Asks: 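Got a structure here, written out as structure tokens. Questions coming.
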Amino acid sequence: FTPLSLDTVPRIQRRTTDAFELALPVVFLSGIQHFVERPEGLSGAPDDVRSFLSTLPVQWEETKFLAGYPGKDFVVARRYKDTWYIAGINGENKAKSVILSLDFLQGKSAYCLTDSGEKSRVAIKRNEINSITSTMSVDMLASGGFVWVVKN
């Protein structure tokens, strides 16, 4: 299994959204972090996506499990230096909301990469979160996901 494939490849039907794919490098650990992507695929990606991928760490200093159930969904927070990456994936074929306990990030701001509501190319939108509260709800499309980047 190789995380992150944003490009469309003939004869391969991807069932996940772009935001699900963006969450995978944070969700899965690998001794060598690599992406299944062609230059043509990344060139068509939004600037926010390319910026996120170019600054994504290859190691983590702290990990917190936030939510999940095998085969259904998974949300994890990983920290490298002063930045937290919160990523979630929805393993089911139905949209859902997940409630997260975020006491450790309360009051901080973040940007979030989520699905725009479509399962098509360049279907990522960026949202700003001005002040994280102790408990927050996150929506995910069917087979969707999200990534938050929280800087201290």
Side-chain angles (χ1 to χ4, degrees), residues 1-60 63-81 83-102 105 108-130 132 136-151:
F1 184 80
T2 304
L4 189 77
S5 176
L6 297 174
D7 198 12
T8 55
V9 179
R11 299 185 322 253
I12 296 176
Q13 180 185 9
R14 194 181 86 199
R15 294 184 173 102
T16 57
T17 67
D18 284 352
F20 182 104
E21 294 294 322
L22 281 180
L24 292 178
V26 178
V27 167
F28 289 102
L29 296 177
S30 174
I32 300 173
Q33 191 63 279
H34 53 286
F35 306 141
V36 177
E37 196 55 76
R38 301 179 311 159
E40 299 85 2
L42 283 178
S43 67
D47 290 341
D48 288 331
V49 169
R50 289 195 310 271
S51 176
F52 167 74
L53 292 174
S54 70
T55 60
L56 191 64
V58 295
Q59 63 185 6
W60 306 106
T63 299
K64 293 179 183 272
F65 170 78
L66 299 180
Y69 189 84
K72 303 220 179 256
D73 51 59
F74 181 75
V75 182
V76 66
R78 299 194 193 276
R79 182 183 59 79
Y80 179 70
K81 295 190 178 180
T83 304
W84 281 95
Y85 295 81
I86 301 171
I89 55 174
N90 179 2
E92 296 188 285
N93 197 22
K94 63 180 179 181
K96 65 172 67 175
S97 294
V98 178
I99 297 174
L100 305 176
S101 177
L102 299 171
L105 295 173
K108 300 197 182 309
S109 60
Y111 75 86
C112 181
L113 299 174
T114 62
D115 294 305
S116 70
E118 309 165 6
K119 279 195 175 183
S120 64
R121 184 81 188 110
V122 192
I124 297 292
K125 66 180 177 181
R126 178 182 169 135
N127 294 326
E128 300 293 329
I129 301 168
N130 295 321
I132 295 172
M136 295 187 73
S137 178
V138 179
D139 297 326
M140 291 185 281
L141 291 179
S143 302
F146 69 93
V147 176
W148 290 8
V149 179
V150 184
K151 293 196 180 244

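We count residues from 1, following the sequence as given. Small disclaimer: the values here were computed from a predicted structure and weren't measured. Values below: every heavy atom of this structure, side chains too, minus hydrogens, waters and symmetry copies.
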Asks: OG1/T55 to OH/Y85 distance, rounded to the nearest 0.5 angstrom?
Replies: 4.5 Å
Asks: Under 6.0 Å from the OH atom of Y69, do we count more than 12 heavy atoms belonging to anything else shown?
Replies: no
Asks: For the residue pair A19 and G145, what are the closest heavy atoms and their distance?
Replies: CB-O, 3.1 Å
Asks: Do S97 and D139 have side-chain N/O donor and acceptor atoms under 3.5 Å apart?
Replies: yes
Asks: For the NZ atom of K72 and the NZ atom of K94, what is their distance to the nearest 0.5 Å?
Replies: 6.0 Å
Asks: Less than 4.5 Å apart, side chain to side chain, heavy atoms only: is that true for L102 and L66?
Replies: yes
Asks: Side chains of L105 and W148, heavy atoms from C-beta outward: is any pair under 4.5 Å?
Replies: no
Asks: Does any part of the side chain of T114, heavy atoms only, come nearer than 4.5 Å to the side chain of N127, both counted from C-beta?
Replies: yes
Asks: For P25 and L56, which heavy atoms make the closest approach, and how far apart are they?
Replies: CB-CD2, 3.4 Å
Asks: So how far is it from I89 CD1 to T17 OG1, rounded to the nearest 0.5 Å?
Replies: 10.5 Å
Asks: side-chain contact (heavy atoms from CB on, under 4.5 Å) with L29: which residues, sequence neighbours excluded?
Replies: W60, R78
Asks: Among I86, D115, L113, exactly one meets side-chain contact (heavy atoms from CB on, under 4.5 Å) together with F146. Which residue is that?
Replies: I86
Asks: To the nearest 0.5 Å, tell me how far S109 OG sits from I132 CD1.
Replies: 7.5 Å
Asks: Does some side-chain heavy atom of D47 sit less than 4.5 Å from a side-chain heavy atom of R50?
Replies: yes
Asks: What do the steps show when you test V75 against L100 for side-chain contact (heavy atoms from CB on, under 4.5 Å), and what is the final call?
Replies: CA-CA 8 Å; V75 182; L100 305 176; 3.7 Å; yes
Asks: Within the 4.5 Å heavy-atom criterion, are F74 and F28 side-chain neighbours or not?
Replies: no
Asks: Count the heavy atoms of every other residue, nucleotide or ligand shown that sit under 6.0 Å from NZ of K96, and state whether that count exceeds 12.
Replies: yes
Asks: Hey, is the main chain of G144 close enough, under 3.5 Å, to the side chain of N90 for a donor-acceptor pair?
Replies: no
Asks: What are the two closest heavy atoms between S143 and R15, and how far apart are they?
Replies: CB-O, 3.3 Å
Asks: Do K108 and W84 come close enough that some side-chain heavy atom pair is under 4.5 Å?
Replies: no
